[in-house]
**Student:** 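One structure, pasted below without further comment.
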Amino acid sequence: MSKRAKRRKVETIALPMAARVGIGAMAVAALGYGLLARPGSVQPVRKPSAPQAMASSSPVYVAPPAPAAAPAPAAIPAPAPLVEPPKADADVPGALVRQVVDYSSHQAPGTVIIDTKNTFLYLVLNDTQAMRYGIGVGREGFAWSGEQTVARKAEWPDWRPPAEMVSRQPYLPRFMAGGPGNPLGARAMYLGETEYRIHGTNKPDTIGKRVSSGCIRLTNEDVVDLYERVKVGAKVIVLPTNAARRPSQGAPPDAASRPPDAASPSNRPSATNAQMPSPGPKIAEVQ
């Protein structure tokens, strides 16, 4: 090492201690200032996503509040059509169809009223209504009137024509088991101790006509319906043919006080006292 280099080294080492202390103090001060100037918590900056950037750059339209709609008015039901009481004319189309009709009567519900003249059977429902059925009634000379009761009921009844009928019609069978071919049809309601019945028929085209030997016939469908409604012991009133009234004519509703049918032959039995009088023959229904 040259003398000059040695000299410089010595001079460097020989720097005053005060200068070294001063330089160190300045360095410490600068470091402290840097620490104090930094914020306490620095949140990282997040780059917005593409949808957010598009949403922030697009204009936002805020619709004005819509006024509250007035409630829709309630629908007013159309008035029900006026229903006129059905006419009691069997010739009117549909008159013989089973239906509830206006019918004023003081008879108890369940009473059967037979309008022979107009070929209708009424089952009293209440003071102002009845179930009406189309019926077939006795032919000329076999009509009768009066009051009876339902003595018994039978489903698909057997038929045994009485001797008087066989004598008039020898070709009749002496016995016919119940079934679809039986003249008494699906059901029968026997009236008192007489041979008269309210029963069905296997010939529905005879409804509305006068073809029987005094029995009252209904279609099988109607007689099944009536059978379920009528109880044993129910009153049965048969109106006389010369005084039978129509519901729309306002005639007296009770038939029990009416006189016997003067148009009926004197040799026909009367059914006024729940049994057949001894002078008259017993007649059964035949097709």
Side-chain angles (χ1 to χ4, degrees), residues 103 105-125 130-139 141-155 157 159-162 164-165 183-185 187-201 210-218 222-245 252-286:
Y103 192 91
S105 173
H106 298 300
Q107 297 294 336
T111 301
V112 175
I113 300 176
I114 296 172
D115 184 350
T116 304
K117 181 179 180 180
N118 294 301
T119 64
F120 289 122
L121 182 151
Y122 296 90
L123 175 65
V124 177
L125 301 178
M131 181 71 76
R132 191 179 75 185
Y133 304 80
I135 57 175
V137 298
R139 61 184 180 270
F142 287 83
W144 61 279
S145 63
E147 183 177 322
Q148 277 290 341
T149 57
V150 176
R152 66 186 182 93
K153 306 194 302 181
E155 300 183 10
W159 180 51
R160 293 178 176 84
E164 296 87 348
M165 182 173 289
L184 299 184
R187 302 288 187 273
M189 287 153 273
Y190 296 79
L191 304 182
E193 297 180 3
T194 73
E195 294 290 342
Y196 293 131
R197 308 171 183 86
I198 300 172
H199 62 80
T201 179
R210 294 165 174 81
V211 294
S212 77
S213 297
C215 288
I216 307 302
R217 64 177 65 177
L218 299 85
D222 282 356
V223 79
V224 169
D225 181 85
L226 181 66
Y227 184 94
E228 297 299 326
R229 298 174 186 269
V230 172
K231 307 300 182 184
V232 173
K235 183 191 297 185
V236 178
I237 299 172
V238 181
L239 303 180
T241 57
N242 65 339
R245 58 99 174 176
D254 298 332
S257 61
R258 294 180 176 173
D261 185 2
S264 300
S266 59
N267 63 343
R268 292 298 301 150
S270 173
T272 55
N273 296 315
Q275 63 181 1
M276 299 292 292
S278 57
K282 293 184 179 183
I283 305 299
E285 173 67 7
V286 63

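The structure displayed is predicted, hence computed values, not measured ones. Just so it is clear, the values below take in all heavy atoms, side chains as well, and ignore hydrogens, waters and symmetry mates. Residue indices begin at 1 and follow the sequence shown.
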**Student:** How long is the straight-line distance from CD1 of Ile113 back to CD1 of Ile237, given to the nearest 0.5 Å?
**Tutor:** 5.0 Å

**Student:** Do you know the tightest heavy-atom contact between Ala188 and Arg197?
**Tutor:** CB-CD, 4.5 Å

**Student:** So which heavy atom on Gly134 is nearest to which on Phe120, and how close?
**Tutor:** CA-CD2, 4.3 Å

**Student:** Rounded to the nearest 0.5 Å, how far does OG1 of Thr119 lie from CZ of Arg210?
**Tutor:** 6.0 Å

**Student:** side-chain contact (heavy atoms from CB on, under 4.5 Å) for Val238 and Ile216? Distances and angles first, verdict last.
**Tutor:** CA-CA 10 Å; Val238 181; Ile216 307 302; 5.7 Å; no

**Student:** Heavy atoms only: give me the nearest Thr194-Leu191 pair and the separation to one decimal.
**Tutor:** OG1-O, 2.7 Å

**Student:** Stepwise, does the side chain to side chain donor-acceptor pair (under 3.5 Å) test hold for Ser213 with Arg139?
**Tutor:** CA-CA 6 Å; Ser213 297; Arg139 61 184 180 270; 3.2 Å; yes

**Student:** Determine, step by step, whether Val223 and Met189 satisfy the side-chain contact (heavy atoms from CB on, under 4.5 Å) criterion, reporting the C-alpha distance in whole Å, the side-chain angles of both residues, the deciding distance to 0.1 Å, and the verdict.
**Tutor:** CA-CA 9 Å; Val223 79; Met189 287 153 273; 3.8 Å; yes

**Student:** Tell me, do Val224 and Glu155 make a side-chain contact under 4.5 Å, heavy atoms counted?
**Tutor:** no

**Student:** Measure from the side-chain N and O atoms of Trp144 to the backbone N and O of Gly214, and report whether any donor-acceptor pair falls under 3.5 Å.
**Tutor:** yes

**Student:** Take Thr111 and Ser105, measure what side-chain contact (heavy atoms from CB on, under 4.5 Å) needs, and give me the verdict at the end.
**Tutor:** CA-CA 10 Å; Thr111 301; Ser105 173; over 6 Å; no

**Student:** Excluding sequence neighbours, so at least two apart, what forms side-chain contact (heavy atoms from CB on, under 4.5 Å) with Val232?
**Tutor:** Lys153

**Student:** According to side-chain contact (heavy atoms from CB on, under 4.5 Å), who are the partners of Ala234, at least two apart in sequence or on a separate chain?
**Tutor:** Val150, Val230

**Student:** Hey, which of Val211, Leu121, Asp222 is the one that makes side-chain contact (heavy atoms from CB on, under 4.5 Å) with Arg217?
**Tutor:** Val211

**Student:** Would you give the length of the straight line joining atom CG of Leu218 to atom NE2 of His199, rounded to the nearest 0.5 angstrom?
**Tutor:** 9.0 Å

**Student:** Which heavy atom in Ser212 sits nearest to a heavy atom in Phe142, and how many Å separate them?
**Tutor:** O-CB, 4.0 Å

**Student:** How far apart are the closest heavy atoms of Cys215 and Tyr196, and which atoms are they?
**Tutor:** SG-CA, 3.8 Å

